[in-house]
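Below, chains carry the letters A, B, ... as their sequence lines are ordered, and counting in each starts from 1. Heavy atoms only: backbone and side chains are in, while hydrogens, waters and symmetry mates are out.
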There are 2 protein chains.
Amino acid sequence: MPSRKRAYPFVSAGDADIARTAAIFADPARAAMLTTLLDGQPHAISELARCADIALSTASEHVARLRSIGYVETQRRGRMNLVLLVQHDVVTAMEAIARIAPRVPVSSLRGDERRRSLERARLCYDHLAGELGVELFASLTRQGALRTIAIPKNSRKVHAGLGAVTLGPRAKCTFKALDIDLDEVRCSHRQFATACVDWTHGRPHLAGALGSSLRDRFERTRWVERTHETRALRITPAGRRALARLFAIDL
Amino acid sequence: MPSRKRAYPFVSAGDADIARTAAIFADPARAAMLTTLLDGQPHAISELARCADIALSTASEHVARLRSIGYVETQRRGRMNLVLLVQHDVVTAMEAIARIAPRVPVSSLRGDERRRSLERARLCYDHLAGELGVELFASLTRQGALRTIAIPKNSRKVHAGLGAVTLGPRAKCTFKALDIDLDEVRCSHRQFATACVDWTHGRPHLAGALGSSLRDRFERTRWVERTHETRALRITPAGRRALARLFAIDL
DNA sequence: GCCACACTTCGGCGGTAACCGAAGTGTGAC
DNA sequence: GTCACACTTCGGTTACCGCCGAAGTGTGGC
């Protein structure tokens, strides 16, 4: 962060003000609040304060700032003030930053019930992760809906050993059956489909716009349900049946 | 930036450390240096210092930090120390941040020679912009190599009035003729193809991995040449001929 | 009316980190 | 050797901004 307001150097005239924007995400508390908001649901400010482990007054100030730049909108519900993420490109930016970010060491949740439910099925930003996400990715690849492209040998940097993800020959059919309109997904300005390595299983799950749509589909049809204030997901009986029928997955 | 080292809140355990990573980009000087480095060329530290308008000693410190986290590598050349961007996902992150960033007001370069050459042809991060970039985008769309998808009416947010960009029916043929391997381009982890609105012309030019490849092709064959220490590009006579022949463009 | 609760605003504190100049290191030219 | 030059390291300064608690506002319940 600048220690002094500087004149902007020539190179950035007419360009985007990257520094000022990155500063929004550069605070742990704000980043935690935004991460919570990535799920697309409205959250009370007090809840965001708890997520970020800061005083309510501080959280309120952060929300005011995020609102002033148009990232979130707030809506009074009784005496609560619900916060909703409305600038969807924020998701893209956070995903891109996350790709080059080191992982926060996971130490606090060892061996208990909570950890097991997170390993089973959870949200990773706004897409499905955990065993559920990993198995879905594998199934979609098996049935030819997704294709992973091997990295060419002359590539300079190998990103966690993963190639790119594109649609396979059966994509249209598979996603149509899931009521997902691929053209509409493409219209989101974020990375269309990408693989994200799961910290619980070390195998890839589907991220990007397509991953988000898939998660949306799973939630709308109540194949999975949110659990209170964690990112763990509960797979419903209907979800279990759908997984077996459509993806040959038995968790 | 944190004013105090905080315990990371629960929500981010196992997740990426977004705040610490965003902090790298959150300083105007570092952002300017990185923007300069986006062109993929090696730059001397003194040059970066000039770009960012800071003391050499400060620039040296920034480079040391960027090197310690693996974003750049340095290589001694005589008494100079050349800096090269090696973590390519940094480009993606900066592009994603730039998309949601306000523009730096462009005031200092009105009406002079420099401005005109920037309007003609220049780099926007690592792809072609200015009249050249805008006309190329239009030509590629005309000949069916690119296709822009209209935004569906129910979309919540319109991003600068632009839909997504995908390949058109003639893509394979057109890009093969340019010696661009689409599968290889797909392997980069960044957004495959996207439209970026040009600040000089208000019309889109091609960004993303494909835009970068195109720029690379134009440079390798010397259709365009860098000018010293600005992002303006000079179109060579060979480039002019190629533009007329392959794209029916006459600048 | 009264209280409880969710949030907002304000004042003041404190620590991080960006900055610079000066001194130190290493390379190249002569 | 001597000087010039590109960079590195160090010490000290400064200012931004994230933080909190306290006081203020507005809504809902009784």
Side-chain angles (χ1 to χ4, degrees), chain A residues 1-9 17-34 37 42-69 72-84, chain B residues 1-9 12 17-34 37 42-69 72-84 229:
Chain A
M1 209 150 305
S3 72
R4 182 188 304 196
K5 284 269 178 252
R6 304 183 56 77
Y8 275 87
D17 192 341
I18 289 188
R20 200 192 306 266
T21 307
I24 304 294
F25 304 103
D27 175 73
R30 265 197 308 269
M33 293 169 70
L34 283 168
L37 289 167
H43 294 271
I45 297 185
S46 49
E47 186 193 340
L48 296 176
R50 242 173 301 128
C51 285
D53 192 28
I54 51 177
L56 176 60
S57 60
T58 309
S60 175
E61 284 168 352
H62 283 309
V63 169
R65 177 162 173 193
L66 293 174
R67 186 175 44 194
S68 76
I69 55 175
V72 304
E73 282 172 7
T74 56
Q75 190 185 8
R76 291 211 77 102
R77 177 86 91 204
R79 45 193 159 182
M80 285 200 290
N81 211 351
L82 297 181
V83 184
L84 187 68
Chain B
M1 207 152 302
S3 73
R4 182 188 300 197
K5 285 269 180 248
R6 302 182 58 76
Y8 275 88
S12 60
D17 192 341
I18 289 188
R20 201 192 305 267
T21 307
I24 304 295
F25 303 103
D27 175 72
R30 264 197 310 268
M33 294 168 70
L34 283 168
L37 289 166
H43 293 270
I45 297 185
S46 49
E47 187 194 339
L48 297 175
R50 243 173 300 129
C51 285
D53 193 28
I54 51 176
L56 176 61
S57 59
T58 309
S60 175
E61 285 168 351
H62 283 310
V63 169
R65 176 160 172 196
L66 293 174
R67 186 175 44 195
S68 76
I69 55 176
V72 303
E73 281 172 7
T74 57
Q75 189 186 8
R76 290 210 78 102
R77 178 87 91 200
R79 44 192 158 182
M80 286 200 290
N81 211 350
L82 296 181
V83 184
L84 187 67
E229 290 210 5

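- Protein atom CD1 of B:Ile54 is 17 Å distant from nucleotide atom C1' of D:dT14, rounded to whole Å.
- Shown here for B:Phe25 and B:Ala31, the closest heavy-atom pair between the two residues is O-CB, 3.8 Å.
- Note: CG (A:Asn81) to C1' (C:dT9) measures 14 Å, nearest angstrom.
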Practice problem: For the pair B:Gln75 and B:Leu84, evaluate side chain to side chain contact (heavy atoms under 4.5 Å, CB included) and give the outcome as yes or no after the intermediate values. | Solution: CA-CA 8 Å; B:Gln75 189 186 8; B:Leu84 187 67; over 6 Å; no
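- Contacts of A:Leu56 with the nucleic acid, taken as non-hydrogen atoms under 4.0 Å apart, include base atoms.
- Among the heavy atoms of the strands lying under 4.0 Å from B:Ser57 is at least one base atom, whether or not backbone atoms are also near.
- Across the protein-nucleic acid pair, B:Leu82 atom CG and C:dT27 atom P stand 15 Å apart, rounded to whole Å.
- Projected onto DNA chain D by closest heavy-atom contact, A:Ala55 and A:Arg76 fall at different nucleotides, the more 5' of which corresponds to A:Ala55.
- How far CG of B:Asn81 is from CZ of B:Arg76: 5.0 Å, rounded to the nearest 0.5 Å.
- One finds a side-chain N or O of B:Ser46 lying less than 4.0 angstrom from the OP1 or OP2 phosphate oxygen of D:dC7.
- Contacts between residues 61-69 of chain B and DNA chain D, defined by a heavy-atom separation below 4.0 Å, involve B:Glu61, listed by number.
- What separates CG of A:Asp53 from C1' of D:dC20 is a distance of 13 Å, to the nearest Å.
- Spacing between atom CZ of B:Arg77 and atom C1' of D:dC5 amounts to 18 Å, rounded to whole angstrom units.
- Here the P atom of nucleotide C:dA6 and the CD atom of A:Gln75 are 18 Å apart, to the nearest Å.
- B:Thr58 comes within contact range of at least one nucleobase, with a heavy-atom separation under 4.0 Å.
- Put simply, SG on A:Cys51 and CG on A:Leu37 are 8.5 Å apart, with the number rounded to the nearest 0.5 Å.
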For residues 54-69 of chain A, which side-chain donor-acceptor pairs fall under 3.5 Å, sequence neighbours excluded?
residue: A:His62; atom: ND1; partner: A:Arg30; partner atom: NH1; Å: 3.3
residue: A:Arg67; atom: NH1; partner: A:Thr74; partner atom: OG1; Å: 2.7
residue: A:Ser68; atom: OG; partner: A:Arg65; partner atom: O; Å: 2.7

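- Counting to the nearest Å, the P atom of D:dA15 and the CG atom of B:Asp27 are 16 Å from each other.
- Counting heavy atoms of neighbouring residues, nucleotides and ligands inside a 6.0 Å radius, atom CZ of B:Arg77 does not exceed 12 of them.
- Within the model, atoms CD of B:Glu47 and CE of B:Met33 stand 10.5 Å from one another, a figure rounded to the nearest 0.5 Å.
- The CZ atom of B:Arg79 sits 12 Å away from the P atom of C:dT27 (whole-angstrom rounding).
- When the local axes at the two ends of the helix from C:dG1-D:dC30 to C:dC30-D:dG1 are compared, using 5 base pairs at each end, they differ in direction by 30° after rounding to 10°.
- Between atom NE2 of residue B:His43 and atom CE of residue B:Met80 there is a gap of 12.0 Å, rounded to the nearest 0.5 Å.
- Side chains of A:Ile45 and A:Val83 form a contact here, defined as non-hydrogen atoms less than 4.5 Å apart.
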